[in-house]
Chemist: 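Structure provided below as structure tokens; questions to follow.
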There are 2 protein chains.
Amino acid sequence: MARPTIADIAREAGVSKGAVSFALNGRPGVSDETRKRILEIVERRQWRPHSAARALGRSSTGLVGLVSARPARTLGVEPFFAQLISGLQAGLSAHGVGLQLMVVEDTEAELEVYRSWAAENRVDGVVLLDLLTPDPRIAELDRIGLPAVALGDPARGQRISTVVADDRAATRTIAEYLAALGHTRIHHIAGLPSLRHTRRRIGALKSAADTLGLQVATTTTDFSDTEGAAATRAALTARPTPSALIFDSDLMAVAGLGVAMEMGRSVPRDLSIVSFDDSVLARLMHPSLTALSRDTFALGEQVADCLMQTVAAPTTPVRMQASVPQLVVRESTTPPQS
Amino acid sequence: MARPTIADIAREAGVSKGAVSFALNGRPGVSDETRKRILEIVERRQWRPHSAARALGRSSTGLVGLVSARPARTLGVEPFFAQLISGLQAGLSAHGVGLQLMVVEDTEAELEVYRSWAAENRVDGVVLLDLLTPDPRIAELDRIGLPAVALGDPARGQRISTVVADDRAATRTIAEYLAALGHTRIHHIAGLPSLRHTRRRIGALKSAADTLGLQVATTTTDFSDTEGAAATRAALTARPTPSALIFDSDLMAVAGLGVAMEMGRSVPRDLSIVSFDDSVLARLMHPSLTALSRDTFALGEQVADCLMQTVAAPTTPVRMQASVPQLVVRESTTPPQS
DNA sequence: GCAGTCCACAAAACCGGTCTAGTTCATCGA
DNA sequence: TCGATGAACTAGACCGGTTTTGTGGACTGC
């Protein structure tokens, strides 16, 4: 038999469509007895409301969107992304909400996706990753009225819900650890300079360095292993040579480790390495890499909660604090041997 | 002003709703002149049809689903998954179709998701990954009438669209290469034995070994770095020691490389290593890993095309052939030095 | 005893599209 | 000259829910 509709259920229960709808959504208007009877029939017939009909009636889709403007190549190697999506999706599922995914070329295409989604009522809200300085997406989402949650730390004054990742504290943790080991000349191999969190890390490292009396140099890259390797080569050729390197991603750290070995530097004896991101990779290397570790899955869940709140009350931005990542010390760091 | 509806557009153009719908969908029933006028107004007002209304009318959602029952931890490190999704999504976008993603614990939960999606009309079709032996999902999808495409090579007799990845040919490539180098004792560290492609690889390797006169042993694992490392340790302890190892994933290959180093085996002098999967990882290692490389992004696009065809004609399964992966020889393989 | 409330439900409008069954009018062939 | 044909539209049913409005009966307070 064809898929039953709410009318079939209503007929079988001897009530109107409205009564079934009320019973199903736990709203007043039906007696407990009738509600129970209706729900039993629903259960027995395995009926579920048609998502499109429901979306049309109440104008909410039960879907949120995530657009990634990262190059497809970078996408998989960074476990961060997949972990975040897993957590996000788990958090959304608890609310019966699905996740629509989109991968695009650049920010302009990303904006176009948001415009489409809003015009077609495809999603109830979106998650914003990789905040830029300045970020045109926030204003545009505000203009088209699409609820959103940003992961990071948007410029003050921007009205948008945010799960704040405290990169400053994390950065300070690394700086203090290296300073405590006795390192004084540090090179920071950072990511894309257009990203807010890259700038924040650079800024935080600078100010921590000033406080701790460290000399810090920074190179920005596009997060690729190639540029990470090139930057490492340059950093190790410069005089005076740094005794420790900080990498913004574990992939670059792995590439950097390879370069160091090629150049005859023994890690950690001649050179200490710290990564801003942790994953199986950092654990698997020889030597294994000291890294900042965070529970990305839990972060995703938090973003999901934040987004659900924002979708429910779009006019009042929510601000949440992500837990501060912990430094996991492994084999790649040691006091300098000079 | 509120979002315009098709009625607003019709009013402005001085035609009926039906005419606008026809013009928009490129169907006959309106003159070229009128069509042009309508489309101009649509463009100027930036109107887009409401996805739910459209879905309700024509009962198609413009969405396909992908469920992953892999553990969340494994999910990110394997670049395969992200690459495939990127390609899949790109291929779907060309048809104006979106991708809904779901991560679940196990196959039972995955089946439940399919049932929900079908009952609620949430997606037009789904993509099936990691085929099992036997795979309960195929029969269930058939039962609930949800169009699907499988990636791999389902058991004969199962009616389902498939993008066939020729693991046999790929496996033979590896075996012949190692045989040509002069290796005779090979250990294969495989993935989950419940996966069809794991079995296929094991089988293909056995038969290739028979033909080529190789001695092949196999250990199955859960794809994790931990089990990969343990299996490597066991393989290198056994007598006679294998002169070459084949890993089913690059993550396990990396773990295995580490174990080999710990045990004092120099790669490739004392031991050759080949990986079934290629990614940045395999390139970054020291020594870099010889690996089977395939264009996963293109594979995703192919799966998208296959799914679109299947959704259009659900009763006639489509069978496509994925391109055979190429062996990329790097530093981890060499003739045995005995 | 009776108007006023409240409850439980039915009936119908509505969401914003698609699609079918007419209707009108110009064109064509005999 | 007139019916047949078909192109170009219109009107309205329809998709399957949600939400509003209406209604009969039980219960309340005075």
Side-chain angles (χ1 to χ4, degrees), chain A residues 1-39 41-42 45-63 96 116-124, chain B residues 1-39 41-42 45-63 96 116-124:
Chain A
M1 199 183 72
R3 184 184 176 290
T5 73
I6 198 171
D8 298 322
I9 304 296
R11 195 172 320 114
E12 191 166 338
V15 297
S16 69
K17 292 199 304 174
V20 176
S21 180
F22 288 148
L24 199 75
N25 295 300
R27 299 176 39 154
V30 281
S31 66
D32 284 352
E33 190 191 352
T34 309
R35 183 186 306 271
K36 187 154 157 279
R37 181 160 44 91
I38 292 173
L39 290 180
I41 294 173
V42 164
R45 297 287 300 270
Q46 303 244 48
W47 176 78
R48 300 293 217 81
H50 190 295
S51 65
R54 180 174 262 210
L56 191 54
R58 53 157 62 160
S59 63
S60 106
T61 62
L63 272 180
S116 293
W117 279 354
E120 299 174 12
N121 266 62
R122 276 199 172 277
V123 296
D124 295 336
Chain B
M1 199 182 71
R3 184 182 176 290
T5 74
I6 198 172
D8 297 323
I9 305 294
R11 197 173 317 117
E12 191 167 337
V15 296
S16 69
K17 291 197 305 173
V20 175
S21 180
F22 288 149
L24 200 73
N25 295 302
R27 299 175 39 154
V30 281
S31 65
D32 284 353
E33 192 191 352
T34 310
R35 184 186 306 271
K36 188 153 158 277
R37 183 159 44 90
I38 293 173
L39 291 181
I41 294 173
V42 164
R45 297 286 300 270
Q46 303 245 46
W47 175 78
R48 300 293 216 81
H50 191 295
S51 64
R54 179 174 264 211
L56 190 54
R58 52 156 65 159
S59 63
S60 105
T61 63
L63 225 46
S116 292
W117 279 354
E120 299 173 11
N121 267 61
R122 277 200 171 276
V123 296
D124 296 335

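Because only heavy atoms are used, hydrogens play no part in the values below, and waters and symmetry mates are left out as well, while side chains stay in. Chain letters run A, B, ... following the sequence lines, proteins first and then strands; every chain starts at 1.
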Chemist: Can you give me the first and the last nucleotide of DNA chain C (5' to 3') that has an atom within less than 4.0 angstrom of a non-hydrogen atom in chain B?
Modeler: C:dG16 to C:dT20

Chemist: Considering just the side-chain nitrogens and oxygens of B:Thr34, establish if one lies under 4.0 Å of OP1 or OP2 belonging to D:dC9.
Modeler: yes

Chemist: From CD1 of B:Ile38 over to P of D:dC9, roughly how many Å is that when rounded to an integer?
Modeler: 8 Å

Chemist: Rounded to the nearest 0.5 Å, what separation is found between the CZ atom of B:Phe22 and the NZ atom of B:Lys17?
Modeler: 12.0 Å

Chemist: Looking only at non-hydrogen atoms, find the nearest pair between B:Ser51 and A:Asn121 and report the distance.
Modeler: OG-O, 3.4 Å

Chemist: For the base of D:dG12, is there a side-chain donor-acceptor partner from B:Lys17 under 3.5 Å away?
Modeler: no

Chemist: Could you tell me the separation between the CZ atom of B:Arg122 and the C1' atom of D:dG16, rounded to a whole number of Å?
Modeler: 14 Å

Chemist: Under the 3.5 angstrom rule, does the side chain of B:Arg45 hit a backbone N or O of B:Ile9 as a donor-acceptor pair?
Modeler: no

Chemist: Verify whether one side chain among A:Thr61 and A:Asp124 offers a donor that lies under 3.5 Å from an acceptor in the other.
Modeler: yes

Chemist: Does a nitrogen or oxygen in the side chain of A:Thr5 sit under 4.0 Å from OP1 or OP2 of D:dC15?
Modeler: no

Chemist: The side chain of A:Pro49 is closest to which nucleotide in this list: D:dG17, D:dA13, D:dC9?
Modeler: D:dG17

Chemist: Base, sugar-phosphate or nothing for B:Val20? Non-hydrogen atoms, less than 4.0 Å.
Modeler: nothing

Chemist: Is any side-chain N or O of B:Arg58 closer than 4.0 Å to OP1 or OP2 of D:dC14?
Modeler: no

Chemist: To the nearest angstrom, how far is B:Asn121 atom CG from D:dG16 atom P?
Modeler: 9 Å

Chemist: Once you round to the nearest 0.5 Å, how far does CZ of B:Arg11 lie from CD1 of B:Ile41?
Modeler: 12.0 Å

Chemist: Strictly below 4.0 Å: does A:Arg3 bring a side-chain N or O up to OP1 or OP2 of D:dG17?
Modeler: yes

Chemist: How far apart are the closest heavy atoms of B:Arg48 and B:Arg3, and which atoms are they?
Modeler: O-NH2, 2.6 Å

Chemist: Nearest-Å distance, CD1 (B:Ile6) to C1' (D:dA13)?
Modeler: 15 Å

Chemist: Want to settle it: does B:Leu56 or A:Asn25 sit nearer the 5' end of DNA chain D, counting the closest nucleotide to each?
Modeler: B:Leu56

Chemist: How is A:Arg35 classified with respect to the nucleic acid when contacts are heavy atoms under 4.0 Å: base, sugar-phosphate, or nothing?
Modeler: nothing

Chemist: Mapping A:Ala19 and A:Ala52 to their closest nucleotides on DNA chain D, which lands nearer the 5' end?
Modeler: A:Ala52

Chemist: Among D:dT19, D:dA8, D:dC15, which nucleotide has an atom closest to any side-chain atom of A:Phe22?
Modeler: D:dT19

Chemist: For B:Arg54, check salt bridge (Lys or Arg N to Asp or Glu O under 4.0 Å) against everything at least two apart and list the hits.
Modeler: none

